[in-house]
Amino acid sequence: MSSRNSLSQESHNRTRENPYFNGILLQDGAVTDESSNFDLGGVSDIKEISRSTSDIGNLRRKIIDLDISQKSMEVDLNDSVSDVILQPFGQASAEMVDSYPSLPPLMRPAIEKSYRVNKVKTSLSKIPLPQSAASFYNGHSPRMEIVESCESINSLNLFLKSRREEVDAGVPGRFLHTVIGQDVPEIGSVASTIMYAFYLNEMLESHQFCTVPVINMRRTELNSHAELKWLLDSCQIDQSSLIFIDEIDLSYYDLFGSLKLVLLNGAKLPTKLQALKESVIEIFNCGKGERVYPWVEKVTSGQGCSSCTLIAEKLSMTSPEILAGQGFSRLLLAGILLDSGNLSNPQCTSEDKYMATLLINGAGRFGCNGLYQILRYKLYDVSELRVADILRKDFKKWTRVGKQDNGGSRLTVSHVGMSYIGISLEQLLARGDTSSREIKLFQQMEKLRLLMIVSGYYDQHKNFKREILVSTESVELMKNLLIFFNSNASHLPLKVLNQPGLAEEYMRAFEIDKVTSRKTIERLLEEFGGTAKANAVWIKQSMEKWV
């Protein structure tokens, strides 16, 4: 009895030497199966071995040393990123590498992957993440995370970097083939701009085109969108290689006839880019039957699905292996989930659901529901934002050409702005001793004669509250505004809020004494400013309403 136990224990020890590898190893030209510890008779012609499809899958399994607990914990956590290259198992690694040239293609590792240990930049503990199997098996560390590097993201970053360098050099002797979306910097728009430019660059054979994605927002505005910054970081996108609308002069290329525009998510260019409309050569993902520019021959109708769905479908038909990378697929998946309300909107199509399933590796340990909850939470989270970034997060601006001045030589131009925030005015002003000064600085930077901050939030009793703070450039303008409010008290009943630190000659705070929609406040502001809709320039910088 004791001998049987000893034999059993000995066998167990041998099979557990490499617990994560149960494939077939080559030793001295013979094929051995460590899991059974039997010699296969010195068979040298491996092609003659009969095996099932699942066995072949085991042969192609990536040989990765997952025992990194000691090494990873020794990493200096003061460093934001530390590369950890994971090598094959000690006994088998040298033999397998030496045997690669003689192995049939199916028996060679298909992909060599590397990982890196990142110090977690932002805590997700506040987000009520749903339970998921991936989270259960992988878990997470509150201090670090292991990030997989994939070839598709590396290719994407090389593309972005090379295009950035060419634009900095002026794109000599080539057409600037620009992919640009609407001026609503939501995740779906940014992701589709980057990915469709990458797809066109891979498909176009002409070297006359320099295909460049241009993000239709200013780079400084990126700080106001925590959800977008988190997504780009988690996908390992090189943000320094991205090109924003304030970093390139498209009118210069249009002047010399070298601009070719690809318009995303609409049949018409944004108002500020209308002068470039004759350069449009392609429209991608517009409404069915929309044809604003009749000279454009290449038009792709979206049939109501997300633009990221259409791009993922194109990539799956041409280079499906590129979608296997987690970061690459996460960028597209995030756009689909937000565009479709986590695949639950009535407008969500079967194509959206199918492509989300294909890209599910991008969700990682969070699962689709968890990834969606993170993005939604960060969309409204302002805890890490400065006052100016909070105001810029959901901001609209009108420009009005007024009457001629006394000299009659020119027209006067004035700007009126409105910011929506999801916290109370007390919370906004309590972010620091200089909060009111930062509001004034934001007003001066945007060149606004009048800034209205509209707050909408729920108090501790779950009652909805609406507050406004108005800041004017002059005492006279404040007096005129208060007279206007008084004359429209039936539409906008106000109660004065005493907030310390406000210079009441230029800045006043009020609580709206009834439930009032954002549209009503916008209409009254337009009426006070004398801004006709035909002359208005409206810049919206947030895809969702706060309430």
Starting at [atom1] of [X], measure out to [atom2] of [Y] and round the result to the nearest 0.5 Å.
X: Asn223; Y: Lys393; atom1: CG; atom2: NZ; result: 11.0 Å
X: Met355; Y: Leu315; atom1: CE; atom2: CG; result: 8.0 Å
X: Phe510; Y: Leu497; atom1: CZ; atom2: CG; result: 8.5 Å
X: Leu451; Y: Arg449; atom1: CG; atom2: CZ; result: 12.5 Å
X: Ser455; Y: Tyr420; atom1: OG; atom2: OH; result: 12.0 Å
X: Glu282; Y: Glu297; atom1: CD; atom2: CD; result: 11.5 Å

So, for Phe442 and Phe395, is the gap between ring centers shorter than 6.0 Å?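 They qualify: ring centres under 6.0 Å apart.
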
Under 6.0 Å between ring centres: does that hold for Phe198 and Phe328? yes

Please determine, by modelled atom types, if [X] and [Y] share a side-chain donor-acceptor pair under 3.5 angstrom.
X: Thr520; Y: Ser517; answer: yes
X: Ser340; Y: Asp352; answer: no
X: Lys440; Y: Ser471; answer: yes
X: Asp254; Y: Ser251; answer: no
X: Asn201; Y: Thr211; answer: no
X: Ser344; Y: Asn342; answer: no
X: Asn285; Y: Asn265; answer: yes

Does [X] [atom1] have over 12 foreign heavy atoms under 6.0 Å away?
X: Gln274; atom1: CD; result: yes
X: Gln239; atom1: CD; result: yes
X: Arg386; atom1: CZ; result: no
X: Phe484; atom1: CZ; result: yes
X: Lys229; atom1: NZ; result: yes
X: Arg523; atom1: CZ; result: yes
X: Glu202; atom1: CD; result: yes
X: Glu247; atom1: CD; result: yes

Does the side chain to side chain donor-acceptor pair (under 3.5 Å) test come out yes or no for Gln427 and Ser424, once each step is laid out? CA-CA 5 Å; Gln427 290 175 301; Ser424 66; 3.3 Å; yes

Side-chain heavy-atom pair [X], [Y] within 4.5 angstrom cut-off:
X: Asn488; Y: His491; value: yes
X: Leu448; Y: Glu473; value: no
X: Val382; Y: Asp389; value: no
X: Asp183; Y: Met217; value: no
X: Arg466; Y: Arg518; value: yes
X: Leu250; Y: Ile245; value: yes
X: Val454; Y: Ile421; value: no
X: Ser419; Y: Arg392; value: no

Looking at every heavy atom in both [X] and [Y], which two are closest together, and how far apart are they?
X: Ser306; Y: Asp339; answer: OG-OD2, 2.7 Å
X: Ser436; Y: Leu502; answer: CB-CD2, 4.2 Å
X: Trp398; Y: Leu525; answer: CZ3-CD2, 3.9 Å
X: Leu269; Y: Leu276; answer: CD1-C, 3.9 Å

Exactly one of Leu222, Leu375, Asp233, Leu379 should register a side-chain contact (heavy atoms from CB on, under 4.5 Å) with Leu228. Which one does?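 Single pass found, and it is Leu222.
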
Backbone N/O of [Y] and side chain of [X]: donor-acceptor pair under 3.5 Å:
X: Arg164; Y: Ser241; value: no
X: Asp513; Y: Lys495; value: no
X: Trp295; Y: Val280; value: yes
X: Asn345; Y: Cys348; value: no
X: Ser258; Y: Leu176; value: no

Taking it one step at a time, do Leu232 and Leu242 satisfy side-chain contact (heavy atoms from CB on, under 4.5 Å)? CA-CA 11 Å; Leu232 294 175; Leu242 295 176; 4.1 Å; yes

Are Val214 and Val179 close enough, and set up right, to give a side-chain contact (heavy atoms from CB on, under 4.5 Å), and what steps lead you there? CA-CA 6 Å; Val214 175; Val179 179; over 6 Å; no

Give a yes or no on whether a salt bridge exists between Arg163 and Glu166, defined as a side-chain N under 4.0 angstrom from a carboxylate O. yes

Ionic contact status for Glu221 with Arg218, cut-off 4.0 Å: yes

So Tyr196 and Phe284, would you call those rings parallel, tilted or perpendicular, with 30° and 60° as cut-offs?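 The rings of Tyr196 and Phe284 lie parallel, inter-plane angle below 30°.
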
Is it possible for you to check whether Arg174 lies under 6.0 Å from the centre of the six-membered ring of Phe209, through NZ or CZ, and within 45° of that ring's axis?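 The answer is no, since Arg174 fails at least one limit relative to Phe209.
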
Ring-face cation of Lys260 near Phe175 (centre distance under 6.0 Å, axis angle within 45°): yes

Full working for side-chain contact (heavy atoms from CB on, under 4.5 Å) between Phe485 and Ile468: CA-CA 12 Å; Phe485 282 161; Ile468 62 172; 4.2 Å; yes

Residues Tyr377, Glu227; criterion side chain to side chain donor-acceptor pair (under 3.5 Å); working and verdict: CA-CA 8 Å; Tyr377 177 87; Glu227 75 287 354; over 6 Å; no

Hey, mind stepping through Leu264 and Gln182 against side-chain contact (heavy atoms from CB on, under 4.5 Å) and telling me if it holds? CA-CA 7 Å; Leu264 300 183; Gln182 302 299 315; over 6 Å; no

